**Student:** 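Once you've had a glance at the structure underneath, I'll fire off some questions.
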Amino acid sequence: MGRFFVQRLAVAVLVAITVSVIGFALLRVSGDLAADLAGEDASPAEIAEIAALYGLDRPLHEQYLSWAANALGGDLGQSLFTNEPVMDLILERVGVTILLSLYSLVLALAIAIPLGVLAAIRANTSIDRAALGVAVFGQAIPNFWFGLILIYLFGVLLRWLPISGSSSFAHFILPTVALGTAVMPALMRLTRTGMLEVLEADFIRTARAKGLRPGAVFFKHALRNAILPVVSLSAVSLGFLLGGSVIVETVFALNGIGLLAYESILRSDFPVVQSILVFVSLAYIVLTLASDLINARLDPRIRLG
Amino acid sequence: MAGGLFANEFRVDAPAPGEIMRRRARSHVGFLAGSGFVLLVVLLAVFAPWVSPSDPFTQDLDARLLDPIWGKGGDWAHPLGTDSLGRDYLTRILFGARISLTIGFGAAIISGVVGSTIGIVGGYFGGRVDAFVMYLINVKLALPGILIALSLVSVFGGSLVALIAILGFLFWDRFAVVTRSVTQQVRGQEFVAAAEAVGASHARIVTREILPNVMSHIIVIASLEMAIAILVEAVLSFLGLGIQPPTPSWGLLISEGRNFMFFKPWLITLPGLALFFLVIAINLMGDGIRDITVPEGRAR
C-alpha cells in the first residue's frame with residue numbers, strides 16, 4: 001500500500017502544479033494585467049507604476065512563485081471588477097455549486113444503478129434496448145437546451161417550479177434534472193457492463209445453485225462487485241460536474257461559481273476566472289486521488305498488480 | 001459439410017474481411033439510420049444555398065416572428081416561420097448545419113491527430129515516454145473543458161478557425177487514452193516483432209504495422225468527438241462567446257430565440273431538435289462503425 005500511495009500522490013501533486021501553471025499562464029495571455037488594473041485612461045507611466053507595485057515587472061517564474069505562495073496561504077488576489085478578495089467571492093458561492101453537483105450525482109445514480117442492473121439482468125431484451133435508448137437520449141441532448149425546455153414546460157406552461165435563482169430547494173430541481181441527465185448515461189453503461197461481467201462469474205452460479213432468491217443474488221452478491229468502477233466514475237463525475245455546472249448555472253441563474261466564472265469571463269475579470277479554474281481542477285485531482293486510493297484499499301489486485 | 005476444426009480457414013469461398021464488414025453494415029439498423037441522417041444533413045448543408053427558400057441574412061421587418069406552417073397564419077413562403085428580424089427560419093437552420101458540421105469535422109480531425117500521436121507514441125515507446133504521456137493525459141483530464149474553452153474563446157475571439165483550433169486542442173484525451181492502450185496490445189504481437197527483426201525503423205513500424213490496427217478505433221472516437229465538438233460549439237455560441245451574429249449557428253439561434261420563448265417556443269425547439277437529432281445520428285453512426293469494424297469492443 002505504501003509504495004502505491006506515494007506514487008499516486010506524487011503524480012497528483014505534479015498534475016496539480018502543472019494545472020496551477022496553466023491557470024497562471026491563462027491570466028497572462030489574457031492581456032496586460034497592469035493596464036487592466038490601472039484603468040482605462042491611465043498613462044504609460046501610471047501603468048508602469050502599477051506594474052512595479054504588483055510585481056508585474058519581475059520575471060515570470062518569480063511572479064508565478066509569489067502568486068502560488070499567496071494562493072497556498074489563501075490569498076487569491078482581488079477581483080478586477082469588484083475589488084473584493086477572490087477567495088471571498090468563491091467561498092460565498094461555492095456552496096451552491098457543490099449542492100447542485102451532489103444533487104445531480106445522486107439523481108444520476110438513482111436512475112443509472114437500477115436501470116443498469118435491470119438492463120444487465122434482462123440483457124438483449126426490449127428492456128435492455130429501452131435502457132440503452134435512455135442513455136443515448138441523455139448523451140445527445142444539449143444540456144443548455146434541455147434546461148430551457150424544462151423552464152418552458154415546468155416553469156411557464158405548468159407553473160410548478162421556479163425557473164431562476166437559488167434561494168430554496170425547489171430552485172435546484174430543474175437544474176439538477178438538466179445536469180444529472182448529462183452524467184447519467186456513462187454511469188448506467190458502466191453499471192450494466194459491470195453487472196454483465198459479474199453475473200457470468202462462478203460465485204454467482206454458486207449463489208444461484210444453492211437456491212438464493214434472485215433479488216439477493218443480484219443486489220447482495222453481484223451489485224456489490226460490479227459497483228466498484230461505478231464508485232470511481234462517480235468521483236470523476238463529481239469533479240466534472242463542479243466544472244460543467246457553468247452552463248446549467250447560467251441558464252437557471254443559479255448563483256454558484258459556474259455563473260461567477262461566466263460573468264467574470266464576460267467582463268475579463270481573469271483573476272477570478274483563473275482561481276475558479278485552479279480550484280475546480282484541484283477538486284477533480286483530490287476526488288480522483290481519493291477514489292483511486294479507496295479502490296486500491298478495496299481491491300488488492302490494483303495496488304499489487 | 002462436415003468440416004474439421006479449421007474448416008472455415010481452408011475454404012476458398014470464405015468471404016473476405018471487407019465483404020463481412022459490408023454484410024454487417026447492411027444489417028445494422030442503428031448504423032444505417034444514423035449514417036443516413038448524417039448524410040442527409042451533410043447534403044442539405046452543402047447545397048443550402050440552393051435548397052433553402054431564401055437568404056439567411058435578408059431581413060424583412062414586416063414579416064417578423066411569423067409562425068411555422070402548422071401554427072396560426074402559417075405560410076409556405078416561410079415553412080418554419082421567421083425570427084425576430086424577419087429572416088426565414090428554415091434557411092437559418094439549414095445554414096446553421098454548415099457551421100456545426102464544419103466545426104465538428106475540423107475539431108475531430110485536429111483532436112484525432114493530436115490525441116492519436118500522443119497515445120501511439122506513449123503506447124509504442126513505453127517506459128519514461130509513456131509516463132510522460134500519462135502525465136499529459138492526467139493534466140488534461142483535471143482541467144475543466146468548458147471553462148477553459150470559454151476563457152480561450154473570450155481571449156482569441158469566436159471565429160470559425162479559432163473555435164475549430166480551440167476545440168481540437170481541448171478534446172484529444174479520449175483519442176490518447178484509447179490509442180495508447182490499443183498500441184500497447186498491438187506492440188506485443190508477433191508481426192511487430194518480425195518487423196523489428198528485419199530492421200524496420202520505428203517510423204515504418206508505426207505507420208505500416210501499428211496505425212492500420214489502431215485506425216478503426218480512431219474513427220469510432222472521431223465520430224464521438226465530432227458530436228461533442230458540435231455540442232460545445234452550440235454551448236459557446238449560446239453563451240454569446242462563440243459564433244457571432246448574424247452568422248446562423250444553432251446555439252446562437254437558441255440564444256436569440258430565448259427572449260421570445262414564452263410566446264414563440266418553436267424559436268428554441270426547432271434549432272435544439274436539429275442539434276439533438278444530428279448528435280444522436282452521429283452517435284448511432286459511431287456505435288455502428290464500432291460494431292462493424294471492432295465487434296469485440298462492443299459493450300455487449
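We name chains A, B, ... by the order of the sequence lines, and we start the count at 1 in each one. Just so we're clear, the structure is a prediction, and the values are computed from it rather than from any experiment.
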**Student:** In terms of heavy-atom proximity below 4.5 Å to chain B, should A:L266 be classed as side chain, backbone, both, or neither?
**Tutor:**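 Contact with chain B is through the side chain of A:L266 alone.
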
**Student:** For the candidates B:G272, B:P265, B:S154, which exhibits the highest count of non-hydrogen atom pairs separated by less than 4.5 Å from chain A?
**Tutor:**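 Between B:G272, B:P265, B:S154, the count favours B:G272.
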
**Student:** With a 4.5 angstrom heavy-atom cut-off, could you sort out which part of B:L141 is near chain A: side chain, backbone, both or neither?
**Tutor:**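 Both parts, backbone and side chain.
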
**Student:** Using modelled atom types and a 3.5 Å cut-off, is there a donor and acceptor pairing between side-chain atoms of A:W145 and backbone atoms of B:I268?
**Tutor:**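 Yes, because the side chain of A:W145 sits within donor-acceptor range (under 3.5 Å) of the backbone of B:I268.
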
**Student:** Quick check: are there more than 12 heavy atoms from other residues, nucleotides or ligands sitting under 6.0 Å from CZ of A:R122?
**Tutor:**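 Check fails, neighbour count at 12 or below.
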
**Student:** Is it true that a side-chain atom of A:S281 and a backbone atom of B:A142 form a donor plus acceptor pair closer than 3.5 Å?
**Tutor:**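 At least one qualifying donor-acceptor pair exists.
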
**Student:** Chain B heavy atoms under 4.5 Å from A:I22: which part of the residue, side chain, backbone, both or neither?
**Tutor:**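 The side chain, not the backbone.
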
**Student:** Show your reasoning for whether side chain to side chain contact (heavy atoms under 4.5 Å, CB included) applies to B:L147 and A:Y262.
**Tutor:** CA-CA 8 Å; B:L147 269 181; A:Y262 175 64; over 6 Å; no

**Student:** Would a distance-only check, ignoring hydrogens and angles, find a side-chain to backbone donor-acceptor pair under 3.5 Å from B:Y135 to A:L14?
**Tutor:**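 A pair under 3.5 Å: no.
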
**Student:** Looking at A:T250 and B:R258, what are the two nearest heavy atoms and their distance?
**Tutor:**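 Heavy atoms only, the tightest pair is O-NH2, 4.3 Å.
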
**Student:** Looking at A:L148, A:V156, A:L157, which has the largest count of heavy-atom pairs under 4.5 Å with chain B?
**Tutor:**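 Option with the greatest count: A:L148.
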
**Student:** I need the A:Y284 OH to B:N138 CG distance, nearest 0.5 Å.
**Tutor:**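 A:Y284 atom OH to B:N138 atom CG measures 8.0 Å (nearest 0.5 Å).
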
**Student:** Between B:L273, B:I230, B:N283, B:L284, who has the most heavy-atom pairs with chain A when the cutoff is under 4.5 Å?
**Tutor:**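 Highest number of heavy-atom pairs under 4.5 Å: B:L273.
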
**Student:** Among the options A:L282, A:V280, A:T18, pick out the one with the most heavy-atom pairs lying under 4.5 Å from chain B.
**Tutor:**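 If we count pairs closer than 4.5 Å to chain B, A:T18 comes out on top.
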
**Student:** Quick one, A:I151 and B:M261 - any side-chain contact, counting heavy atoms below 4.5 Å?
**Tutor:**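 A side-chain contact exists here, since the closest heavy-atom pair is under 4.5 Å.
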
**Student:** Please report the interatomic distance CG(B:L152) to CD1(A:I265), rounded to the nearest 0.5 Å.
**Tutor:**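 CD1 of A:I265 is found 9.0 Å from CG of B:L152.
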
**Student:** Please look at A:V278 and chain B and tell me whether the side chain, the backbone, both or neither of the residue comes under 4.5 angstrom of a heavy atom of that chain.
**Tutor:**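 It is neither, since no heavy atom gets under 4.5 Å.
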
**Student:** State, yes or no, whether a side-chain contact exists between B:T269 and A:Y152 at a heavy-atom distance under 4.5 Å.
**Tutor:**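 Sidechains of A:Y152 and B:T269: no contact.
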
**Student:** Tell me, do A:P142 and B:V279 make a side-chain contact under 4.5 Å, heavy atoms counted?
**Tutor:**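 Not touching, per the 4.5 Å side-chain cut-off.
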
**Student:** Contact part of B:L241 toward chain A, heavy-atom cut-off under 4.5 Å: side chain, backbone, both or neither?
**Tutor:**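 Answer is side chain: those atoms of B:L241 sit under 4.5 Å from chain A.
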
**Student:** When heavy-atom pairs shorter than 4.5 Å are enumerated against chain B, which of A:I141, A:V246, A:I149 gives the highest number?
**Tutor:**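 Ranked by heavy-atom pairs under 4.5 Å with chain B, first place is A:I141.
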
**Student:** Do A:F270 and B:S151 have side chains that approach each other closer than 4.5 Å (heavy atoms only, starting at C-beta)?
**Tutor:**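 A side-chain contact under 4.5 Å exists here.
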
**Student:** Taking side chain as everything from C-beta outward and backbone as N, CA, C, O, which of these in A:I285 sits under 4.5 Å from a heavy atom of chain B? Side chain, backbone, both or neither.
**Tutor:**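 Looking at A:I285, just its side chain touches chain B.
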
**Student:** I would like to know whether A:N143 and B:V235 meet side chain to side chain contact (heavy atoms under 4.5 Å, CB included); could you show each step before the answer?
**Tutor:** CA-CA 8 Å; A:N143 229 314; B:V235 166; 5.6 Å; no

**Student:** With only heavy atoms counted, which part of B:I146 is less than 4.5 Å from chain A, the side chain, the backbone, both or neither?
**Tutor:**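 Interface part for B:I146: side chain.
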
**Student:** Between B:L231 and A:F144, is any pair of side-chain heavy atoms under 4.5 Å apart?
**Tutor:**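 No, every pair of side-chain atoms sits at 4.5 Å or beyond.
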
**Student:** Check whether B:I148 gets within reach of chain A through its side chain, its backbone, both or neither, counting any heavy atom under 4.5 Å.
**Tutor:**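 The answer is both parts of B:I148.
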
**Student:** Ring centroids only, cut at 6.0 angstrom: are B:F276 and A:F146 within range, meaning strictly under it?
**Tutor:**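 Not under 6.0 Å, so no.
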
**Student:** Could you have a look at A:V136, A:I247, A:V273, A:T288 and say which one has the most heavy-atom pairs with chain B under 4.5 angstrom?
**Tutor:**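 Option with the greatest count: A:I247.
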
**Student:** So for atom CZ, which belongs to B:F105, do other residues, nucleotides or ligands contribute more than 12 heavy atoms lying within a distance under 6.0 Å?
**Tutor:**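 Atom CZ in B:F105 is not crowded, with 12 or fewer foreign heavy atoms closer than 6.0 Å.
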
**Student:** Tell me the closest heavy-atom pair linking B:V139 and A:V15, and the distance in Å.
**Tutor:**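 Shortest heavy-atom separation between B:V139 and A:V15 comes out as CA-CG1, 3.9 Å.
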
**Student:** Given that the side chain runs from C-beta out, which part of B:A234 has a heavy atom under 4.5 Å from chain A: side chain, backbone, both or neither?
**Tutor:**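 Both backbone and side chain of B:A234 come within 4.5 Å of chain A.
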
